[in-house]
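Not measured: the values here are computed from a predicted model. All chains are named by letter (A, B, ...) in the order of the sequence lines, taking the proteins before the strands, and each is independently numbered beginning at 1.
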Amino acid sequence: MLFEDPTPLVAGLNPEQAAAVTLPPEHALILAGAGSGKTRVLTTRIAWLLQSGQAGPGGIMAVTFTNKAAKEMMTRLTAMLPVNVRGMWIGTFHGLCNRFLRAHHQAAGLPQTFQILDTQDQLSAIKRLCKQHNVDDERFPPKQLQWFISGCKEDGMRPRDVVVRDDETRRKVEIYQLYEEQCQREGVVDFGELMLRSYEVLRDNDPIRVHYQRRFKHILIDEFQDTNRLQYAWIKMFSSPHTEGLPPSGNAVFAVGDDDQSIYAFRGARVGNMADFVREFQVKHQIKLEQNYRSASNILNTANELISHNSRRLGKNLRTDAGAGEPVRVYESVSDFAEAQWMVDEMKQLEREGTPRSEMAVLYRSNAQSRVVETALFNAAIPYRVYGGLRFFERAEIKHALAYLRLLENPHDDTSFLRVVNFPPRGIGARSVEQLQDVARSSGCSLHDAVSGVTGRAGTAIANFVALLDVMREKTEAMTLKEIIELVLDKSGLIEHFRNEREGEDRVENLEELVNAAESFVMQEGFGRDAVALPVDEHGSSLSQSPVSQGLDPDAPVLNESLAPDAETGETLSPLAAFLTHAALESGDNQAQAGQDAVQLMTVHAAKGLEFDCVFITGLEEGLFPHENSMSDRDGLEEERRLMYVAITRARKRLYLSHSQTRMLHGQTRYNMKSRFFDELPEACLKWLTPPQPAWAAAAPSVGGWQGGRRGLYATGGSPAANPAWSPGFLSTGSGTPPPKASEPDRGVDIRTGQKVFHNKFGEGKVLALEGAGADARAQVNFSRHGVKWLALSVAKLTPVDE
DNA sequence: CGATGACGAGCGGTC
DNA sequence: CTCGTCATCG
C-alpha cells in the first residue's frame, strides 16, 4: 500500500518531466520554461517521493515565494494522494522562517509571540526612529533607509558586516544598528529579519542545524531564479553540502527555475544563484523542460525570438506541438485614450465570439497605466478587476484594528501603540505623544510603560488610553477570537468612528469582514474543535490518513505556519497570536469582485505565473516598456526584456501588442517611440492591424500612400540592417501599395533614445524621444536638473555623453 | 488639537 | 494628473 506502483503518477508526463520527477535523491536543477508544467513536476515529485516510500511527509520541505503558489502545491498534492499536509513543511520562505523561529524562539533570542512588521510598519518604525535621533530626512529619506536596511538583510549583513567607505554609509549603518535595537526592544521582526534570524540560528547552532539536515531529506524550491543571497544561504544551511567535521547530510535539493523569467533583480533576486547552485552543490542532474503546453506557436516563437536577444542565458528554447494559431496582432494608436478604446472594441468582439471576460487580460508595465483602461472599460460597462491595489490586511482601517489586537498580545509594540493612540481621535495630540516618547526614551521603556511619567492633562488622556487597552486585555482573556475582535472593534471606537465618517461605509464593511476572516481562520487552523496542533512526526508516517478524515477541506488547504509548538515546552500560540501572524504573512486578496466574470488588469510583474486565452500588452513604448529607469545599462534592459518575455508567454491563443504615439504621463503629454522590442520579434508571426506611419503623419494630411517604413522617421539605436524589410502579409488589409522603405533621418548628430547627452544650459539629460527630420528634427530630453524638454536639434547643441 | 489647502514627486511589489 | 506629506488656520 505504501509502496504503490509510481507509474500512475508519472503517466501523462513527457519524458523530461518524468525524468525530473523520478530523479534519484541527489541535487538537481530543473530549468522549467514558461508553461512547461513546472508546478506539476514539483508536486508530482513530492507525491512520488512519498508514494515510493523514499520520504515521509516530515522529511520534505518545499519552499515557494507566494502563498498562492504554496496553496496550489498543497491543493494539487492532496488531489494526487491522501497525505498529511500538516506534517510537511510546505510554504513560503517567510512562512517557514516564522514557523522555525516560533519553535526556536529562545535560540533566536525572541519572545515567542514576536510580531511581524510588514513593509508599511517597517517604514513607520524607521520614521519614528529617525525623528527620535534627529536624522536629517532630506539627506536620509526614510524610504531610502528602508531600502538600505532591507538590502543589507537580503545580503545577509548585520550592521557590523557592512563595509563603510564614506560618511553617508557610516550614518546609514548607525541608523540600521539603532533600528535593530528598537525592533529587538519592541519584540518585532520585519520580513528580512525573519529570514536573517533563522539563517543565523541555523548557522550558529550545530544541534539545531544537524537536526533539520537529518530531518529534511528532500528540499524543493520553486522559482529559484528569484532567490536572493540570503535565501540561497538559508537553503545551504539545511543541506550544507560541505560542512567540515560533519558527515554529509545526505539530503537532496531540487531547485526549479527559469532564468528567462527572472524579473525581480530590483528587490535583490540573484539569477546567479542558479549557476552558484550548480557549482557549489556539484549538481549532477540538470533537466530542461522546454515543451510548452500553453501557447500557440506564433506566440511561442515571438517569445523565443525576443528572449534570444539577451546574452548570458542558460539557454533554452521552448517548443510546442500546438499549431501556429493566430498571428500576434500589433496595433498602433494615436493616444493612450484611443489605445484603450480600441481594446474595449476588441474585447466586445472577443466576447461575442465566446471568450469569457476572465480569459482576457490587459498587461502594462506600470500601475499608472491602468487608469485610462479602467475608464474605457467603465464607460463601456465591461466588468473588470484590477490586481495590485491595497490588499485586505493592508487597508488602513484593518491595520488600525490589528494594531489594537497586537497591543493586547504585546503592550510594548510601540509601532502599534503610535498608530492607534489617537485613532479614533481622543485628544492625544503630537505634543502629548512627544512627551510620552521623551519619558520612554529617558527611562528606556516602552510607550505603554512610560505613561505614568507624563503629567497633566496629556498624562490623563494617555492613561485613559492605556487603561482602555488593559481593560480590553483583561476582558478578552477567555474569549474566542471572534469575540475578541468584536469587542475590540466596539470598545476602541473604530466602528463608530467610521460609521460617522462621510464615506466610511466600505471601511465599516471591511472591519466586519475582519471578523469573518478570523472565523474562517479559526476553522481552517482547527483551533475551534481540536485545539491541539497535530503531532509533527520526525520522519512522517501518516500516509494512510486521508485529508477528509482529518476534517480538512481539500479545496482549502492550510499552510499551518503559525502552529509550530515551542521546541522545548510544546506550547502553541494563542489563536489571536496565530491570527496576527497570519495577517502579517498573508496580506489577503485585494478585490472583493473576484467571483465575477471580469476582464483582468495587472502589471506584467503581477501576471507572472498566470495565463489567459487573450492577452493585451499595452504601452509598448520606449521609456515605458522598456522603462526609462532601466534603459541605461545592459542588465536593466535585459531584465526589461525578460519582463516582456513573461508578458508574451502569458497568452494561450491570442496576443495583442499595442503602443501609442502619445501618452499622458505625470500630467503632460509625452511623445514616445514604439518599443525597441518590436524590432526583436519575428515578422512572420506578426500581423499589423494599423498601417505603419510616423506620428506626424497622423496629424498632417496624407500625401498618398504611407510615409516612412515601420519605423517611420524615428531614430533608433539599431543599424539599418536591424530594420526588417517590409514584406506583404503583415498588414491585415493590405491596400496593395507597400510603403517605401524607411530611410534613416538625417540629423547630423549621432544621438538616439536612451542616450545621455549634454546641453550647455540644461546640463546632463537623457534622450526620451526623437521626432521629425532635417530642420524640423526635435528631441525630447529629460534633464536631471531641468526636467523634460523638447529641443529643436537645428538650434540646440546636444553632445552625446559616453557612459 | 484637528480639519483643510499648498506642494512635490511619481517602476516593478511577495512576504 | 493624482496621491501622499506638510503647513496653516479655525
Side-chain angles (χ1 to χ4, degrees), chain A residues 63-70 91-98 116-123 127 137-138 141-143 147 150 153-154 189-195 222-223 226-228 230-231 262-269 336 363-372 375 387-391 393-394 396 422-433 457-458 461 501-502 559 561 581-588 590 602-609 619 623-631 636 639-640 642-643 646-647 663-670 782 787-788:
Chain A
V63 203
T64 64
F65 275 86
T66 64
N67 287 298
K68 206 174 143 201
T92 64
F93 273 103
H94 296 88
L96 296 181
C97 285
N98 170 63
I116 298 166
L117 300 186
D118 68 13
T119 317
Q120 289 176 39
D121 302 330
Q122 188 189 26
L123 186 62
K127 281 182 182 165
D137 56 2
E138 300 272 293
K143 276 245 172 69
W147 181 259
S150 301
K153 292 191 181 183
E154 277 159 10
V189 298
D190 58 42
F191 289 131
E193 189 70 26
L194 279 173
M195 286 292 325
D222 193 15
E223 307 278 16
D226 288 339
T227 51
N228 61 37
L230 178 57
Q231 285 158 339
S262 158
I263 54 174
Y264 285 111
F266 71 91
R267 66 176 193 215
D336 48 352
L363 310 186
Y364 35 80
R365 176 65 181 84
S366 62
N367 276 311
Q369 288 167 253
S370 79
R371 193 160 211 96
V372 63
T375 309
Y387 284 76
L390 271 192
R391 274 128 5 128
F393 287 115
E394 290 166 356
N422 196 32
F423 196 93
R426 47 174 71 89
I428 302 171
R431 292 290 282 275
S432 313
V433 174
R457 226 179 32 209
E501 207 174 52
R502 285 174 290 120
L559 293 188
E561 282 166 353
T581 298
H582 165 79
L585 288 176
E586 231 184 304
S587 31
N590 37 16
M602 65 194 84
T603 63
V604 182
H605 281 96
K608 191 173 165 205
L624 209 67
F625 200 174
H627 196 276
E628 54 189 317
N629 296 359
S630 317
M631 290 190 336
E639 178 145 319
E640 294 290 305
R642 291 193 293 270
L643 201 48
V646 167
R663 186 172 295 277
M664 280 292 273
L665 208 63
H666 304 332
Q668 58 176 328
T669 305
R670 277 178 48 160
N782 185 10
V788 178

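Side-chain contact check for A:Asp190 and A:Gln122: at least one donor-acceptor pair (N or O, by modelled atom type) lies under 3.5 Å.
Backbone-only contact: A:Asn367 has heavy atoms under 4.0 Å from sugar-phosphate atoms and none from a base. Contacts of A:Ala584 with the nucleic acid, taken as non-hydrogen atoms under 4.0 Å apart, are absent. Within 4.0 Å (heavy atoms only), A:Lys143 reaches no atom of the nucleic acid at all.
Comparing A:Arg365 and A:Arg267 by the nucleotide of DNA chain B that holds the closest heavy atom to each, the one mapping nearer the 5' end is A:Arg365. Nearest-nucleotide positions on DNA chain B for A:Lys68 and A:His666 put A:His666 closer to the 5' end.
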**Study point:** side chain to side chain contact (heavy atoms under 4.5 Å, CB included) assessment of A:Asp222 paired with A:Phe65
**Key:** CA-CA 7 Å; A:Asp222 193 15; A:Phe65 275 86; 6.0 Å; no
Practice item. Before giving the answer on side chain to side chain contact (heavy atoms under 4.5 Å, CB included), spell out for A:Leu643 and A:Glu639 the whole-Å C-alpha distance, their side-chain angles and the decisive distance to 0.1 Å. Key: CA-CA 6 Å; A:Leu643 201 48; A:Glu639 178 145 319; 5.6 Å; no
Point to revise | Verdict with reasoning, A:Val604 to A:Tyr364, per side chain to side chain contact (heavy atoms under 4.5 Å, CB included) | key: CA-CA 6 Å; A:Val604 182; A:Tyr364 35 80; over 6 Å; no
Review point. What do the steps show when you test A:Lys153 against A:Met195 for side chain to side chain contact (heavy atoms under 4.5 Å, CB included), and what is the final call?
Key: CA-CA 8 Å; A:Lys153 292 191 181 183; A:Met195 286 292 325; over 6 Å; no
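With respect to A:Arg267 and A:Glu154, no salt bridge is recorded, no charged nitrogen being found less than 4.0 Å from a carboxylate O. Under the 4.0 Å criterion applied to side-chain N and carboxylate O atoms, A:Asp118 and A:Arg391 are not assigned as salt-bridge partners.
When rounded to the nearest whole Å, the span between CZ of A:Phe65 and P of B:dT14 equals 13 Å. A straight line from CE of A:Met195 to P of B:dC15 spans 14 Å, rounded to a whole angstrom.
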Pairs under 3.5 Å (N/O, protein and nucleotides 2-6 of chain B):
from: B:dG2; atom 1: OP1; to: A:Gly427; atom 2: N; distance (Å): 3.2
from: B:dG2; atom 1: OP2; to: A:Asn422; atom 2: ND2; distance (Å): 2.7

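To the nearest whole angstrom, the two C1' atoms, one in B:dT14 and one in C:dC3, are 23 Å apart.
Chain A approaches DNA chain C over the interval C:dC1 to C:dT5, counting the first and last nucleotide 5' to 3' with an atom under 4.0 Å from its heavy atoms.
Of the candidate nucleotides B:dG13, B:dG10, B:dC1, B:dC1 has the atom nearest to the side chain of A:Arg431. The side chain of A:Thr66 approaches B:dC15 more closely than any other nucleotide in the set B:dC15, B:dC11, B:dG13.
A stacked arrangement is not assigned to A:Tyr264 and the six-membered base ring of B:dG13, the conditions of a centre distance below 5.5 Å and an interplanar angle below 30° not being jointly met. Residue side chain A:His627 meets the stacking definition with respect to B:dC11: its ring centre sits within less than 5.5 angstrom of the base's six-membered ring centre, and the planes differ by less than 30 degrees.
Between A:Ser432 and B:dC1 there is a side-chain polar atom (N or O) within less than 4.0 angstrom of OP1 or OP2. OP1 or OP2 of B:dT14 has not a single side-chain nitrogen or oxygen of A:Asn67 nearer than 4.0 Å. The phosphate of B:dG13 (OP1 or OP2) has no side-chain N or O of A:Thr119 nearer than 4.0 angstrom. Within the 4.0 Å cut-off from OP1 or OP2 of B:dT14, not a single side-chain nitrogen or oxygen of A:Asn228 is found. Side-chain N/O atoms of A:Asn629 include none lying less than 4.0 angstrom from OP1 or OP2 on B:dG12. Residue A:Arg391 has a polar side-chain atom (N or O) positioned under 4.0 Å from OP1 or OP2 of B:dC15.
Residues A:Phe93 and A:Thr227 have side chains in contact (heavy-atom distance under 4.5 Å, counting atoms from C-beta outward).
Ring pair A:Tyr264/A:His605 is tilted by interplanar angle, where 30° to 60° counts as tilted.
A donor-acceptor pair under 3.5 Å is absent between the side-chain atoms of A:Ser432 and the main chain of A:Ile428, judged by distance alone.
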